[in-house]
Amino acid sequence: MPRKTAGMTNRTNQMITAQGLTKTFRSKGQTVEAVRSVDLSVDAGELVAFLGPNGAGKSTTLRMLTTLLPPTAGEAIVAGCDIRTDPAGVRRRIGYVGQGNSGGHTQRVRDELHAQGAFYGMGRRETRARAAELIESLELDQVANRTVQSLSGGQKRRLDIALGLIHRPELLFLDEPSTGLDPHSRANLWEHIVDLRRATGTTIFLTTHYLDEADQLAERVMVMDHGAVIADDTAGSLKNSLAGDRVTLTFETPSDAATAAARIGGEVDGVDARVVAVTAPGGDRALPRYIRSLSDAGLEAVAATHRQPTLDDVFLALTGRSLREEAAAAASAEPALAG
Amino acid sequence: MNTISPASTAVAAENDRPAASARPTGFVRDTAAVFVRESRPLVRDPFSVMFSLVQPLVFLGLFGPLLVGAAGGDVAGTLQWFVPGILVMVALFGTASTGANLLFEMQTGSHERTLVAPLSRSALLVGRALKEVVPLTIQGTIVVLVAVPFGFSLDAAGLIAGLAVLAVFGIGFGALSYTLALACRNRDWMFWMVHQTLLFPLMILSGMLLPLEDGPAWMQVAAAVNPLSYLVGAERALLAGDFGAAAVVGGIIAAAATCAIGVVVGVRAMRRAR
């Protein structure tokens with residue numbers, strides 16, 4: 001398993017460590033390996049995104065770390081407690097926002113927050129104060145006395161976050177927090193999450209299949225596919241080391257294109273008629289360099305494009321598949337619970 | 001990452017936030033927390049108890065007159081016989097469908113949220129089942145009060161004792177409904193199929209609506225193994241103020257057995273819940 005981040009062994013302030021975490025299910029007489037020997041390490045204060053297509057094993061991993069599912073094999077220490085021997089300790093210390101909406105349909109927003117405080121053993125006064133604080137900071141004031149069923153999707157999701165935060169957990173798990181929200185609500189939700197990070201330093205571990213979210217918001221991205229972590233680094237490093245900048249050069253004739261491709265050499269991805277596609281090392285300096293060197297050889301490009309790599313390119317480089325296409329296909333299908 | 005070392009000391013030392021773990025998690029406190037949450041919608045919207053009252057009141061209003069007719073016009077006597085049966089119907093129908101709430105919460109995410117909270121699994125079941133007592137008591141009282149102007153003679157002590165026995169039964173039957181929900185998971189149709197298949201036979205074979213004495217022998221055998229028969233008998237005796245009747249003992253045993261079985265089976269199912 002390629003692990004891109006070095007030096008993860010001797011950190012003392014780890015919020016999550018897992019080794020060989022494995023989950024197999026029996027389904028229709030067959031054994032399905034949902035999660036295959038996953039190793040994880042998350043420092044206190046980090047914001048880590050778990051990126052991968054539906055069914056990659058992200059949620060199953062999350063459900064094991066949050067004690068909802070017992071692992072078939074492997075071990076994990078979450079917020080200082082062993083998920084096998086001290087699940088109650090884990091539950092007290094973590095906040096969890098699952099894929100579904102966690103507010104009860106017929107419950108009022110404020111009542112649910114009060115109930116949640118009682119679930120975490122908080123006193124009445126402390127719960128009320130904390131609920132009021134969360135209602136204000138997550139902009140639920142207008143709907144605090146309304147039932148959950150009357151809320152919009154974005155409001156329900158903000159309530160979910162508030163419920164996950166009632167006991168001021170040191171570690172917050174978010175399972176696809178923004179899936180199903182419109183772009184405005186998504187941006188709004190993220191603002192709240194980022195504010196929370198800034199104000200409290202809470203460690204956040206989230207799953208997403210939105211590439212842009214993982215790219216822009218997470219300090220570290222773990223890419224998961226077929227139940228295994230296949231890459232683990234900052235978005236920037238992943239893009240630089242695995243994808244490289246994309247350059248296309250268009251020539252007058254296909255034969256010019258072929259000559260140019262031969263001259264550029266190993267960096268060429270392919271030639272399509274008059275267009276040469278190149279994965280260029282060295283970022284945006286590559287394009288002028290190619291044009292200069294080809295011009296010296298008498299080859300003039302008639303058009304050129306340059307595109308910075310995305311996490312989709314990273315996923316493509318790692319798996320040969322496009323995450324964007326899989327996400328689009330999955331969006332039209334039923335959301336997979338074991339994803 | 002070669003070794004896994006619990007970072008508890010490091011994490012705990014620098015964490016000066018109010019730790020929820022400072023208070024011990026107790027079964028009683030957890031049960032109370034779940035009970036309060038489950039009861040809140042009822043407090044906020046008291047008229048919601050009317051929902052499961054509609055059917056018993058329809059039976060009282062539309063079936064009652066037929067019974068009166070069959071009894072040669074003896075309204076008071078018929079009500080004295082019929083109202084206790086309707087009380088059992090309230091307990092049966094009200095608690096049998098309560099699992100549907102859990103089923104819904106399992107399909108949204110509320111149930112998962114409670115599973116991740118540091119709550120005792122037993123408390124999750126018991127707190128919910130105990131809540132059944134609240135609507136049941138309110139509904140039972142309403143049914144009796146509705147019948148009084150038509151000639152039903154009310155024995156207050158008998159009513160309290162009758163409601164207490166029904167409450168014990170309701171906790172057990174509610175727990176069984178939650179168990180069914182946990183077993184059905186996302187298959188609503190299965191929940192409702194079992195619900196519908198069991199409910200009407202249980203009701204008819206309890207002698208709640210019509211006396212079974214004149215029915216065929218097999219029906220009487222079925223009634224003899226139906227705990228609701230004993231409950232109906234006990235309610236008839238208690239609401240008439242006849243505390244010493246043998247039927248009362250039978251009803252208490254039937255209610256207690258339903259409660260014990262329901263809670264044991266329900267707690268087991270909740271402990272296995274994912």
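What you see is a predicted model; the values in this text were computed from it and never measured. In what follows, chains are A, B, ... by sequence order, proteins preceding strands, each numbered from 1. What you see below is based on every heavy atom in this structure, not just the backbone, and it leaves out hydrogens, waters and symmetry mates.
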Thr95(B): what forms a side chain to side chain donor-acceptor pair (under 3.5 Å) with it, not counting sequence neighbours? none

Please name all residues satisfying side chain to side chain donor-acceptor pair (under 3.5 Å) with Arg125(A), sequence neighbours left out, ordered by chain then number.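 In terms of side chain to side chain donor-acceptor pair (under 3.5 Å), with neighbours along the sequence ignored, Arg125(A) is linked to no residue.
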
Anything under 3.5 Å between a donor and an acceptor, one on a side chain of residues 262-273 of chain B, the other on a protein residue two or more places apart or in another chain? List them.
residue	atom	partner	partner atom	Å
Arg271(B)	NH2	Ser122(B)	OG	3.0

Report, as yes or no, whether the 6.0 Å neighbourhood of atom CZ on Arg44(B) holds more than 12 heavy atoms from other residues, nucleotides or ligands.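 Counting other residues, nucleotides and ligands, CZ of Arg44(B) exceeds 12 neighbours.
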
To the nearest 0.5 angstrom, please state how far the [atom1] atom of [X] sits from the [atom2] atom of [Y].
X: Arg113(B); Y: Asp160(A); atom1: CZ; atom2: CG; answer: 9.0 Å
X: Thr106(A); Y: Asn101(B); atom1: OG1; atom2: CG; answer: 7.0 Å
X: Arg108(A); Y: Asp45(B); atom1: CZ; atom2: CG; answer: 8.0 Å

Need one label for Val116(B): side chain, backbone, both or neither, based on atoms under 4.5 Å from any heavy atom in chain A.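 Both parts, heavy atoms under 4.5 Å.
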
Can you tell me which of Thr67(A), Leu68(A), Thr66(A) forms the most heavy-atom pairs within a distance under 4.5 Å of chain B?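 Among Thr67(A), Leu68(A), Thr66(A), the one with the most close pairs to chain B is Leu68(A).
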
Against chain B, work out which of Gly89(A), Gly98(A), Gly103(A) has the most heavy-atom pairs shorter than 4.5 Å and name it.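 Counting heavy-atom pairs under 4.5 Å, the top option is Gly103(A).
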
If I compare all heavy atoms of Ala33(B) with all of Ala118(A), which pair ends up nearest, and what's the gap?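 Residues Ala33(B) and Ala118(A), closest heavy atoms: CB-CB, 3.8 Å.
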
Would you check, one step at a time, whether the test side chain to side chain contact (heavy atoms under 4.5 Å, CB included) holds for Val34(B) with Phe119(A)? CA-CA 8 Å; Val34(B) 174; Phe119(A) 288 175; 4.2 Å; yes

Quick check on Asn101(A) against chain B: is it the side chain, the backbone, both or neither that has a heavy atom closer than 4.5 Å? backbone

Going by an N to O cut-off under 4.0 Å, is there a salt bridge joining Glu112(A) and Arg37(B)?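 A salt bridge is present here (some side-chain N lies under 4.0 Å from a carboxylate O).
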
Suppose a student defines contact as a heavy atom less than 4.5 Å from any heavy atom of chain A. Which residues in residues 102-112 of chain B would they list? Phe104(B), Glu105(B), Thr108(B), Gly109(B), Ser110(B), Glu112(B)

